[in-house]
Amino acid sequence: MEIASKYDPRAVEERWYQFWLDKKLFHSEPDRRRPYTIVIPPPNVTGVLHMGHMLNNTIQDVLVRRARMMGKNACWVPGTDHASIATEAKVVNMLKERGIDKRDISRDEFLKYAWEWKEEYGGIILKQLRKLGASCDWDRTAFTMDDIRYESVIRVFVDLYNKGLIYRGVRMVNWDPQALTAVSDEEVNYKESHSKLFYLRYYIDNPDSSDKSKYIVVATTRPETILGDTAVCVHPEDERYQWLKGKRVIVPSVGRSVPIIMDEYVDREFGTGALKITPAHDVNDYNLGMKYNLETINIFNDNGTLNENGGKYAGQDRFVCRKAIMKDLEEAGLVEKVEDYVNKVGHSERTDAVIEPKLSAQWFMKMTDIAKKALEVVEDDTIQFHPDKFKNTYRHWLENIKDWCISRQLWWGHRIPAWYFEQKTENGDHRTETVVALNEEEARKIAAEKYGYTGELRQDEDVLDTWFSSWLWPISLFDGIRNPDNEEIKYYYPTDDLITAPDIIFFWVARMIMAGEEYRGEVPFKHVYFTGIVRDEKGRKMSKQLGNSPDPLALINEYGADGVRMGMLLTAPAGNDLPFDTKICEQGRNFANKIWNALRLVKGWAVSDELNQSDENAVSVEWMEQRMACVLADIERDFDQYRLSEALMNTYKLIWDDFCSWFLEMVKPAYGSPIDRETYNATISIFERLMYMLHPFMPFITEEIWHLLQDDHGEESRAKLIAESSIMIQHMPASVFFDQRLLDDCTRAREVIAGVRNLRSSKGLSPKEELELFIVCSDGSAMNTRFDGIIRKLANVKQISYVDKKIDGAVSFMIGTMECFVPMSQNIDVEAEMKKLEEELKYAEGFLASVMKKLGNEKFVNGAPEKVVAVERQKKADAEQKIAAIKAQMEGLK
RNA sequence: GGGAGUUUAGCUCAGCUGGUUCAGAGCGCUUGCCUUACAAGCAAGAGGUCACUGGUUCGAGCCCAGUAACUCCCACCA
């Protein structure tokens with residue numbers, strides 16, 4: 001059979017993915033097996049696959065595939081997130097390109113465009129995930145705004161409102177002037193920026209003769225906000241400003257007279273110790289405004305331009321205005337000085353626009369109580385974080401949690417199910433009443449029953465924060481909000497593992513835990529695996545602006561999905577950032593090729609039914625089985641601890657080193673000779689199981705190899721059966737008891753082989769030259785002679801003789817205390833040998849000295865455990881023996 | 001300003017409860033090989049004062065204290 005010497009993943013991967021889909025192997029239905037559930041962190045419906053997704057979804061796929069092969073009913077639910085702000089922005093841009101202004105069309109029209117856009121371009125990312133090999137149950141693909149999820153969100157809102165956990169209020173919120181919406185505290189990123197600190201003069205209103213000065217200097221980074229100033233504040237104990245008590249000052253440029261107030265909030269050290277107060281545009285100022293009953297003057301429009309209160313600056317953008325007003329103040333001689341200043345400025349997570357604190361009516365959710373429960377389940381390890389250092393971050397946030405601003409001034413999203421109407425009060429005023437209900441019909445009913453109102457209702461214009469739907473994801477995916485007792489939610493919930501990035505621990509992870517507690521009385525998942533951030537080889541974050549992010553699909557095309565998956569996983573221990581270099585995908589590709597060629601080798605063997613299994617082959621098979629059992633135990637431990645890269649590395653070494661470099665070389669028949677049936681079958685069986693172990697990491701090539709291995713396994717019926725089956729549903733081998741002695745014996749034999757090879761290498765002997773080997777065994781048991789045949793074969797040794805004393809005219813090496821001699825056909829370089837022996841002697845003597853020092857220490861001998869002391873004594877004996885042997889050899893050389 | 005984490009080979013990281021020759025792995029590097037599975041390969045090598053300074057201990061990458069550098073998170077000082 002002719003097999004190409006290079007593995008080509010392209011054709012293979014495409015074919016098998018389709019096969020898996022055709023056979024519905026990703027699909028899960030509740031049954032008697034134990035479930036294993038993962039819900040995908042829903043990517044933005046507008047998103048395209050980037051390296052972060054690749055990492056995240058590779059990890060999920062590894063876990064799901066492994067669980068499936070371990071006999072669990074594995075279900076990985078995919079879906080996308082409607083991503084209010086991001087998607088609305090995209091749709092607005094799309095409309096703009098078509099010459100349509102959002103403001104000119106109705107809400108319904110806009111939503112029609114948005115849905116069209118979503119249908120056409122949305123969810124590309126899910127298609128891309130297939131290229132990666134993701135074994136999601138695509139039949140279950142969900143969207144945070146599809147019917148089930150929409151209704152779930154609305155129900156939860158109504159429920160929380162009725163429980164008194166959701167309220168509407170006028171608060172200072174983070175306003176995104178570009179997206180024209182409020183955003184939550186978590187959506188604001190504070191970035192360091194190089195600003196200026198302006199020192200402005202506020203002249204005293206109606207100064208009298210006792211005034212020490214005619215003005216007070218106030219420092220600000222935002223001079224444009226003086227237009228909204230309604231006070232100046234100093235510290236009540238500030239000696240410098242006692243004379244200002246009860247006075248008023250004139251706001252520069254504006255000419256408004258405002259009071260001096262005194263409050264301990266002011267930091268006397270900062271600036272001049274005098275603070276201007278703009279209650280409409282700063283949270284702290286707002287609080288002071290409330291406290292001192294100050295007037296609130298809003299100077300901005302929603303888009304960040306100055307409104308009519310801006311006077312001559314009305315209509316200007318806030319940053320344009322800043323320059324203009326400074327110029328004017330400068331000219332008016334009202335600027336004391338200007339300093340360079342570094343501060344943190346809030347930017348919108350989504351649009352990167354500078355956040356403007358803005359007073360507005362918004363919906364909030366009370367978090368204090370629900371946070372308590374969410375903290376408990378992580379503290380007591382009902383939910384485990386990997387790595388667990390994120391517990392700290394989590395705790396800190398929950399202990400300092402504030403109410404969650406859940407309303408957004410957008411159209412794309414879940415519209416808030418609140419309806420308003422005007423009601424006349426007893427004294428003739430009009431009052432706005434609010435009704436919260438599942439739909440308008442319900443709202444009408446309530447309005448009629450509760451208020452006796454039957455007129456028109458006006459629904460709230462706002463939609464809910466995107467995370468207000470994401471936090472229900474593990475429940476709503478199984479329809480557990482609308483039908484809390486349905487079979488699916490009972491079966492699949494709680495899910496097992498959540499794989500996500502640490503930057504959404506508050507946005508998403510914490511809130512899902514809260515929702516789980518609130519709506520299921522149970523945690524939504526048992527383990528959270530936090531991935532690192534994918535960085536480029538220089539350690540920078542991958543970003544569009546830098547253009548340093550490789551295109552995942554191009555990578556897959558070049559290295560194969562298996563290769564890319566392996567590359568990503570190898571450098572990605574949980575929680576560690578991974579410096580990604582496309583070169584590491586090469587390692588994955590090379591590995592695939594290595595396996596491919598192992599297949600070529602095995603398939604190339606002629607098999608003989610007449611031949612009996614040789615003893616060497618028998619022990620080789622025996623050893624490989626033990627070795628697998630041993631490594632399997634390691635791998636199981638790695639998975640228990642969520643150390644996926646370790647698990648993969650162990651699998652990699654088992655296949656490349658133990659299987660390919662050692663086992664296959666051990667049993668490989670001489671050129672032209674056949675292999676015995678027994679060894680061949682064992683080899684195939686081992687190869688198969690190695691593929692099972694590797695399958696979660698490299699799904700495509702393992703499926704391909706597995707099928708090719710089956711080909712000549714005998715009867716046609718079986719072959720047909722296999723052809724229709726998949727490696728995906730085979731049983732993952734489990735670790736069993738293994739014989740450590742046999743493993744050690746083989747290691748010893750491998751050391752001897754390496755010793756001989758080293759000799760060849762250093763003496764320039766051809767691998768083809770047959771050598772003779774003498775082993776001096778003091779106690780005979782040091783070598784398991786069952787491996788002799790293997791040593792002869794792999795070291796190209798004609799004969800191994802066990803002798804009781806050293807051989808003259810030979811070069812030597814030591815394995816532990818065991819001396820090995822190889823007679824040389826040519827003259828031995830005595831000088832070089834002596835030098836080598838001297839070095840060895842020096843090392844051995846140094847070692848002995850350190851052991852002696854320990855043993856000479858009475859405190860050690862008395863204090864340390866018996867076992868440790870015994871080991872030390874053994875070391876001493878070994879070292880002495882070794883030294884004696886080396887000395888004898890040196891003697892011989894002379 | 002508060003908190004957390006990291007520092008081990010050229011690079012990326014392991015190193016469990018302090019105790020075998022414990023100083024490891026992968027990649028990279030060096031040398032020799034186109035040995036009929038694989039040059040995307042084979043074989044053999046070289047590479048480290050475990051950040052620094054003290055301490056505890058019979059014994060310290062490992063525990064403690066301090067120092068330095070880096071990273072991340074949180075926070076309304078204009």
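We name chains A, B, ... by the order of the sequence lines, and we start the count at 1 in each one.
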What pairs of donor and acceptor atoms, side-chain ones from residues 856-870 of chain A against any protein atom, are under 3.5 angstrom apart with sequence neighbours left out?
{"unit_1": "A/Asn857", "atom_1": "OD1", "unit_2": "A/Lys859", "atom_2": "N", "d": "2.9"}
{"unit_1": "A/Asn857", "atom_1": "OD1", "unit_2": "A/Phe860", "atom_2": "N", "d": "3.4"}
{"unit_1": "A/Asn862", "atom_1": "ND2", "unit_2": "A/Glu858", "atom_2": "O", "d": "3.2"}

Could I get a table of every N or O pair under 3.5 Å where one atom is in the protein and the other is in nucleotides 25-28 of chain B?
{"unit_1": "B/A25", "atom_1": "O2'", "unit_2": "A/Lys653", "atom_2": "NZ", "d": "3.1"}
{"unit_1": "B/G26", "atom_1": "O2'", "unit_2": "A/Gln587", "atom_2": "NE2", "d": "2.8"}
{"unit_1": "B/C27", "atom_1": "OP1", "unit_2": "A/Tyr652", "atom_2": "OH", "d": "3.3"}

- Message: The test is ring pair (Phe, Tyr, Trp, His ring centres under 6.0 Å); show your working for A/Tyr394 and A/Phe390 and say whether it passes.
- Response: CA-CA 6 Å; A/Tyr394 182 82; A/Phe390 287 109; over 10 Å; no
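- Atom C1' of nucleotide B/G41 and atom OH of A/Tyr7 are separated by 18 Å, given to the nearest angstrom.
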Filtered N/O pairs between nucleotides 71-77 of chain B and protein, under 3.5 Å:
{"unit_1": "B/A75", "atom_1": "N6", "unit_2": "A/Lys344", "atom_2": "NZ", "d": "3.4"}
{"unit_1": "B/C76", "atom_1": "O2'", "unit_2": "A/Asn284", "atom_2": "ND2", "d": "3.3"}
{"unit_1": "B/C76", "atom_1": "N1", "unit_2": "A/Asn284", "atom_2": "OD1", "d": "3.3"}
{"unit_1": "B/C76", "atom_1": "O2", "unit_2": "A/Tyr265", "atom_2": "OH", "d": "3.2"}
{"unit_1": "B/C76", "atom_1": "O2", "unit_2": "A/Asn284", "atom_2": "OD1", "d": "2.5"}
{"unit_1": "B/C76", "atom_1": "O2", "unit_2": "A/Asn284", "atom_2": "ND2", "d": "2.8"}
{"unit_1": "B/C76", "atom_1": "N3", "unit_2": "A/Asn284", "atom_2": "OD1", "d": "3.2"}
{"unit_1": "B/C77", "atom_1": "O2", "unit_2": "A/Asp267", "atom_2": "OD2", "d": "2.9"}
{"unit_1": "B/C77", "atom_1": "N3", "unit_2": "A/Asp267", "atom_2": "OD2", "d": "2.6"}

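- Note: CD (A/Glu399) to C1' (B/G2) measures 14 Å, nearest angstrom.
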Report, one line per pair, each donor and acceptor closer than 3.5 Å where one atom sits in a side chain of residues 580-592 of chain A; sequence neighbours left out.
{"unit_1": "A/Asp581", "atom_1": "OD1", "unit_2": "A/Lys583", "atom_2": "N", "d": "3.1"}
{"unit_1": "A/Gln587", "atom_1": "NE2", "unit_2": "A/Tyr652", "atom_2": "OH", "d": "3.4"}

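- Using a 4.0 Å heavy-atom distance criterion, A/Lys6 is classed as a base contact.
- In the set B/A37, B/G15, B/A43, B/A43 carries the atom at the smallest distance from any side-chain atom of A/Arg757.
- Following rounding to the nearest Å, A/Asp878 (CG) and B/U20 (P) show an atom-to-atom distance of 15 Å.
- We find that CG of A/Leu794 is positioned 13 Å from C1' of B/U35, with the value rounded to whole Å.
- Judged as a side-chain contact (heavy atoms from CB on, under 4.5 Å), and not counting sequence neighbours, the contacts of A/Arg750 are A/Trp623, A/Asp658, A/Trp662, A/Cys746.
- Here B/A37 presents its C1' atom at 6 Å from CZ of A/Arg600, a figure rounded to the nearest Å.
- In A/Lys876, the NZ atom is not crowded: 12 or fewer heavy atoms of neighbouring residues, nucleotides or ligands sit closer than 6.0 Å.
- Set against B/C38, B/A78, B/G45, the side chain of A/Lys594 has B/C38 as its closest nucleotide.
- At a cut-off of 3.5 angstrom, the base of B/A37 holds at least one donor-acceptor pair with the side chain of A/Glu665.
- A/Glu646 comes within 4.0 angstrom of sugar-phosphate atoms only, judged by non-hydrogen atoms across all strands, and of no base.
- Picking from B/A14, B/A44, B/U36 the nucleotide with the shortest atom distance to the side chain of A/Ala754 gives B/A44.
- For the pair A/Ala219 and A/Lys882, both in contact range of RNA chain B, the more 5′-proximal nearest nucleotide belongs to A/Lys882.
- Residue contacts for A/Asn392: at a heavy-atom cut-off of 4.0 Å it reaches the sugar-phosphate backbone alone, with no base atom in range.
- Distance alone, capped at 3.5 Å, is enough to place a donor-acceptor pair between the A/Trp596 side chain and the A/Ala4 backbone.
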Pull out every protein N or O sitting under 3.5 Å from an N or O of nucleotides 55-60 of chain B, one pair per line with the distance.
{"unit_1": "B/C58", "atom_1": "O2'", "unit_2": "A/Asn857", "atom_2": "ND2", "d": "2.8"}

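- No engagement by A/Ser762 is indicated, since no non-hydrogen atom pair under 4.0 Å with the nucleic acid exists.
- In this structure, A/Asp638 places its CG atom 12 Å from C1' of B/C16, rounding to the nearest Å.
- At distances below 3.5 Å, at least one donor-acceptor pair connects side-chain atoms of A/Arg760 with backbone N or O atoms of A/Ala795.
- Atoms CD1 (A/Ile261) and C1' (B/A78) sit 13 Å apart, rounded to a whole Å.
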